[in-house]
Amino acid sequence: MESLETIKARAEAAVPGAQLAIVRNDSPSTQHSLLVDNAHAFAVAQFLRDDPQLRLDYCSNATGVDWPDRVEKTKTKVKKLVDGVEKEVEETTEKQIPGCLEAVYHLYSMSLKHGPVILRMRTANRTDQARLSSLTPLWRGAEFQEREIFDLYGIVFDSHPDLRRILMWDEFKDFPMRKDYAEPDDYEYEPTPHDDEVEKSKKHHPQPEVKA
Amino acid sequence: MSPATEAPPRSYELLPKSAHDGSPLDGDLLEVSMGPQHPSTHGVFRMDVVLDGERVVKLKPVFGYLHRNHEKIAENTSYLGSMPYTDRLDYFCSLTNNWAYALAVEKLAGLAVPERAEYIRVITAELTRLVNHTCLIGFLLQDMGALGTPLMYAFREREKALDLIESLTGARMMCNYMRFGGCRCDLPAGWIEQAKRVVEGHPRFLDEFEALLSENEILIARTHGVGVLPKELAVNASITGPMLRASGVNYDIRKVDRYGIYDRFEFKIPLGEHGDVFDRYMIRLLEMRESLKILRKALDDIPAGPIVDPKAKLRGFRPKPGEAYGRIEGPKGELGFYLISDGSPNPYRYRVRPPSLINLTVLEDMCLGLTVADVVIILGSVDIVLGEVDR
């Protein structure tokens, strides 16, 4: 298979305006990936699928990754005058890095038997703009997996044919695979009118004091 | 190219809403909830089926009854800590689950596997394939109404392989056997001879099974042309494993990736022609015969030596930051593990690519227009284990 650099160059030529970047992977697996901007993700994915040299007709794995907001601290040594004497002082600067949700697709070719090409898409933020374009119209194999990403990470996939929760129940509110997810005390707690009645009735029957 | 792009958007509302919603009531259609507590669904799995008479008009699988967020649990424990938990994904094939996870971690951390361990892995994985396919055809025939007997014949054979696995790993099903860069313990004395006896005995079972069943009139009537899965749809919907090959697509990861030492073995990939339930049944029988070839060669060739990479650490195992996707040809299809490391002892992201779940994508397409009895055997021929579907 051709290198990721040539795939990137050819995809940029085929899809005008697409902004692609290569995400390096320094682990021994050396599986580098291709980061694509949201507006052109669908067109780039379609190019990857239909291009005669790539023919990535098989979307093996689709998954989400959560990157919460984080603060990057960098320490720099600065020379400063302290009480008239020049000294080296360590200064820490804090940089806010906004978080995002990421969808990762592992694409292979069944006809040409090569792969993987790893495609990544990132949402603008983790709250109100957690939207990506769905690749299910291209690969139906992504249908359940994108539903699962929606269910567990909360990425909304536009033009997905059936975006519902898949593993959690429909009334569930939160997104359990996010890093900042806090477990509820009682998963199935639902406030009912009955609770108030029980509280009221307890007042009529005060609990006997337990003597030690 | 693919039919998926041109097809009109499908409606996922099940029934036309009945009269209490104000819309007209369609008296001809019946919505049936098959499962979750039903023996033919092979676990806690439900299908919402809309029937017109006895014909299926719509079918929606419903998941999640066995969901315990395996991935989150694994992200909160060490790399080795989730090795025993991978057994519980597809509890028929814990050894292949172990291997897929070990393979992904080995890619992530750059560990080598000694030769003897590679052989043990191939032997155990192919034994697992025998166990899985043997059980599956038993269950499939049970779904077709051959109550009990074929399943018990299959379980008798499975028991022999499970005895081997038990004497090697200490457990029949929850093996927890592979380690990063090797295996947990060496083969006990006399194990290879015992394994050879089991391997030599297995073709007898297959011959018997085929003579009794494969040309059986009822089996042919129930399976020929039922649940046809076209080639293009199978590829587009990421179907893998025997189900894909029954549709005639030549794609076996043992041949494509040549992970482990599969390049040293000669074996064929059986392919189906029609993609119906009968092809899926036959593919499993033929694959078992190919597995037996691999097993014979591996049991003859296995060298002596260490079984674990001395560089691999059990404690304080922290791979460098990065990511890796490792996949193997499990008995049910492509089983993949996607890991992201941030340099800490726990994986930052741990993802299982479950073949059982993804193979269900086309369940509706295969069942439309057929009867409820066909739905049961089509689901049986997909080969799902709910521990893996719901995770």
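All chains are named by letter (A, B, ...) in the order of the sequence lines, taking the proteins before the strands, and each is independently numbered beginning at 1.
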Is it true that atom CD of A:E90 has more than 12 heavy atoms of other residues, nucleotides or ligands lying nearer than 6.0 Å? yes

Tell me, for A:D66 versus chain B, whether the close heavy atoms (under 4.5 Å) come from the side chain, the backbone, both or neither. backbone

Looking only at A:D26, A:T30, A:I166, most heavy-atom pairs under 4.5 Å shared with chain B are made by A:I166

Side-chain donor or acceptor of B:N236 paired with backbone N/O of A:D57 under 3.5 Å: no

Trace of the side chain to side chain contact (heavy atoms under 4.5 Å, CB included) decision for B:R351 with A:M177: CA-CA 11 Å; B:R351 149 87 178 160; A:M177 281 300 285; over 6 Å; no

Can B:D252 and A:K113 be counted as an ion pair, charged N to O under 4.0 angstrom? no

Select one option (side chain, backbone, both, neither) describing which atoms of B:I340 are under 4.5 Å from chain A's heavy atoms. side chain

Around atom CZ of A:R70, are there more than 12 heavy atoms from other residues, nucleotides or ligands closer than 6.0 Å? no

Would you indicate whether the side-chain heavy atoms of B:H67 and A:L152 approach each other to under 4.5 Å? yes

Would a 4.5 Å heavy-atom cut-off, applied to side chains only, mark B:I358 and A:Q145 as touching? yes

Most chain A-contacting option - heavy-atom pairs closer than 4.5 Å, from B:A324, B:G110, B:S341: B:A324

Starting from the C-alpha separation in whole Å, work towards a yes-or-no answer on side chain to side chain contact (heavy atoms under 4.5 Å, CB included) for B:S238 and A:R140. CA-CA 7 Å; B:S238 304; A:R140 253 192 80 192; over 6 Å; no

B:E75 portion near chain A, given a 4.5 angstrom heavy-atom threshold: side chain

If you draw a 6.0 Å radius around NZ in A:K179, do more than 12 non-hydrogen atoms from other residues or ligands fall strictly inside? yes

If every non-hydrogen atom of B:G322 is compared with every non-hydrogen atom of A:N25, which pair is closest and at what distance? CA-OD1, 3.3 Å

With a 4.5 Å cut-off on heavy-atom pairs, point out which of A:H114, A:R165, A:M168, A:R120 contacts chain B the most. A:R120

Heavy-atom side-chain contact between A:Q31 and B:Y338 under 4.5 Å: no

Does a side chain donor of either A:S29 or B:Y325 reach within less than 3.5 Å of an acceptor in the other side chain? no

Decide if atom NZ of B:K231 counts as having more than 12 heavy atoms of other residues, nucleotides or ligands within a radius under 6.0 Å. no

Are B:E323 and A:S27 close enough that a side-chain donor and a side-chain acceptor fall under 3.5 Å? no

Taking the side chain as everything from C-beta on, heavy atoms only, tell me whether B:E71 gets closer than 4.5 Å to A:E148. yes

Between A:S159, A:A62, A:P116, which shows the greatest number of heavy-atom pairs under 4.5 Å with chain B? A:A62

Could you note down all residue pairs passing ring-ring contact (aromatic ring centres under 6.0 Å, His included) where residues 50-77 of chain A supplies at least one of them, sequence neighbours left out? A:Y58-B:Y251, A:W67-B:Y348

Is any NZ, NE, NH1 or NH2 atom of the basic residue among B:K72 and A:E183 found under 4.0 Å from an Asp or Glu carboxylate oxygen of the other? no

Got a salt bridge between B:R349 and A:E102, using NZ or NE/NH1/NH2 to carboxylate O under 4.0 Å? no

What part of B:A104 gets closer than 4.5 Å to chain A, counting heavy atoms only: side chain, backbone, both or neither? neither

Interatomic distance, B:I239 atom CD1 to A:M110 atom CE [nearest 0.5 angstrom]: 8.5 Å

For B:V389, is it the side chain, the backbone, both or neither that has a heavy atom under 4.5 Å from a heavy atom of chain A? backbone

Of B:D390, B:V235, B:L357, the largest count of non-hydrogen pairs under 4.5 angstrom with chain A goes to B:V235

To the nearest 0.5 Å, how far apart are CZ in B:R353 and OG in A:S60? 4.5 Å

